[in-house]
Colleague: 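Structure below; questions to follow.
The analysis underlying the following values was restricted to heavy atoms, covering all of them including side chains, and did not include hydrogens, waters or symmetry mates. Chain letters run A, B, ... following the sequence lines, proteins first, then strands; residues in each count from 1.
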Amino acid sequence: SQQGEEDPQALSIQEGENATMNCSYKTSINNLQWYRQNSGRGLVHLILIRSNEREKHSGRLRVTLDTSKKSSSLLITASRAADTASYFCATDGMDTGFQKLVFGTGTRLLVSP
Amino acid sequence: DTEVTQTPKHLVMGMTNKKSLKCEQHMGHRAMYWYKQKAKKPPELMFVYSYEKLSINESVPSRFSPECPNSSLLNLHLHALQPEDSALYLCASSRGTTNPGTDTQYFGPGTRLTVL
């Protein structure tokens with residue numbers, strides 16, 4: 001299965017600290033995306049990084065991609081209580097003909113005031 | 001309008017009931033998706049419609065029947081469900097390209113389904 005593995009499964013930090021979560025996947029990809037999900041709600045797209053990119057920034061988010069290791073990381077800087085959510089990586093796998101997104105297992109982030 | 005709407009928000013049904021979930025988008029997207037999500041798990045793809053045609057069915061049991069009446073609407077008809085089908089059902093849409101897996105997907109808030 002293409003499903004990405006994310007670690008840690010859960011992360012608890014204080015406001016102002018940085019949060020880093022990692023994603024590993026199995027087959028070649030075109031893109032890797034990160035989504036956020038507040039409890040029991042729909043997912044919100046955060047950022048997309050293409051296979052020929054190594055790093056991308058969006059506001060307090062920094063995403064890296066290492067295709068040789070088939071891994072990506074999401075860094076949230078200066079975290080806020082409102083960042084509390086689950087974060088999923090998602091990949092379009094060559095094994096699916098790039099026809100669908102497959103979501104990773106997710107990291108549950110808790111940011112305490 | 002960058003919103004995907006889903007109705008109802010919550011649904012409780014018995015195993016003999018027939019019900020439908022509805023999803024709507026007005027972003028001009030030509031790909032629409034149904035996902036099932038259990039607690040503390042990632043979303044699992046069920047169906048993909050591309051240009052109003054069913055393009056992916058992830059071996060979903062026939063008690064789930066999708067329908068795409070037009071490019072803005074997506075329904076999921078439910079019949080004779082089992083308690084293990086209780087989950088959050090998410091609808092999403094994307095632009096619709098040759099490789100829809102590469103698209104950014106826009107999700108609705110979901111329907112929380114409980115099967116008694």
Colleague: Side-chain contact, heavy-atom cut-off 4.5 Å: B/K40 with A/Q9?
Modeller: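 They are not in side-chain contact.
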Colleague: Look up atom CG in B/L90 and atom CD in A/Q37, then write down how far apart they are to the nearest 0.5 Å.
Modeller: 6.5 Å
Colleague: For B/T102, is there any backbone N or O sitting under 3.5 Å from a side-chain donor or acceptor partner on A/N31?
Modeller: yes
Colleague: For atom NZ of B/K22, is the number of surrounding heavy atoms from other residues, nucleotides or ligands below 6.0 Å larger than 12?
Modeller: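 It does not: B/K22 NZ has 12 such atoms or fewer within range.
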Colleague: How close do A/F88 and B/K41 get, heavy atom to heavy atom, and via which atoms?
Modeller: CZ-O, 4.0 Å
Colleague: Are A/L32 and A/I47 connected in a single hydrophobic cluster, I mean Ile/Leu/Val/Met/Phe/Trp/Tyr linked by side-chain heavy atoms less than 4.5 Å apart?
Modeller: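 As far as the 4.5 Å side-chain criterion goes, A/L32 and A/I47 are connected within one cluster.
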Colleague: Is chain A contacted by the side chain of B/Y33, its backbone, both, or neither, given a heavy-atom distance below 4.5 Å?
Modeller: neither
Colleague: Taking B/L73 as the starting point, is it possible to reach B/L78 by hopping between hydrophobic residues whose side chains are less than 4.5 Å apart?
Modeller: no
Colleague: Compare every heavy atom of B/P42 with every heavy atom of A/F103, then report the nearest pair and how far apart it is.
Modeller: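 Looks like CB-CB, 3.9 Å.
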Colleague: Give a yes or no on whether A/I29 and A/L74 share a hydrophobic cluster (residues Ile, Leu, Val, Met, Phe, Trp, Tyr; joining criterion: side-chain heavy atoms under 4.5 Å apart).
Modeller: yes
Colleague: Among the clusters formed by ILVMFWY side chains lying less than 4.5 Å apart, do B/V48 and A/Y35 turn up in the same one?
Modeller: yes
Colleague: Looking only at side chains, do B/Q105 and A/Q33 share a donor and an acceptor under 3.5 Å apart?
Modeller: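 Per modelled atom types, B/Q105 and A/Q33 side chains form no pair under 3.5 Å.
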Colleague: Could you state the interatomic distance from OG (B/S55) to NZ (A/K100), rounded to the nearest 0.5 Å?
Modeller: 10.5 Å
Colleague: Is chain B contacted by the side chain of A/R50, its backbone, both, or neither, given a heavy-atom distance below 4.5 Å?
Modeller: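 The answer is neither part of A/R50.
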Colleague: Drop me the distance from A/L43's CG to B/Y106's OH, to the nearest 0.5 angstrom.
Modeller: 14.0 Å
Colleague: Find out whether B/L45 and A/L101 are in side-chain contact, i.e. whether some heavy atom of one side chain is under 4.5 Å from a heavy atom of the other.
Modeller: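 Side-chain contact under 4.5 Å: no.
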Colleague: Should we count CZ of B/R63 as having more than 12 external heavy atoms under 6.0 Å?
Modeller: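 For B/R63, atom CZ is crowded (more than 12 foreign heavy atoms under 6.0 Å).
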Colleague: Is A/L65 reachable from A/L48 through a run of I, L, V, M, F, W or Y residues, each pair having side-chain heavy atoms under 4.5 Å apart?
Modeller: no
Colleague: Roughly how far apart are A/R41 CZ and B/F107 CZ, rounded to 0.5 Å?
Modeller: 13.5 Å
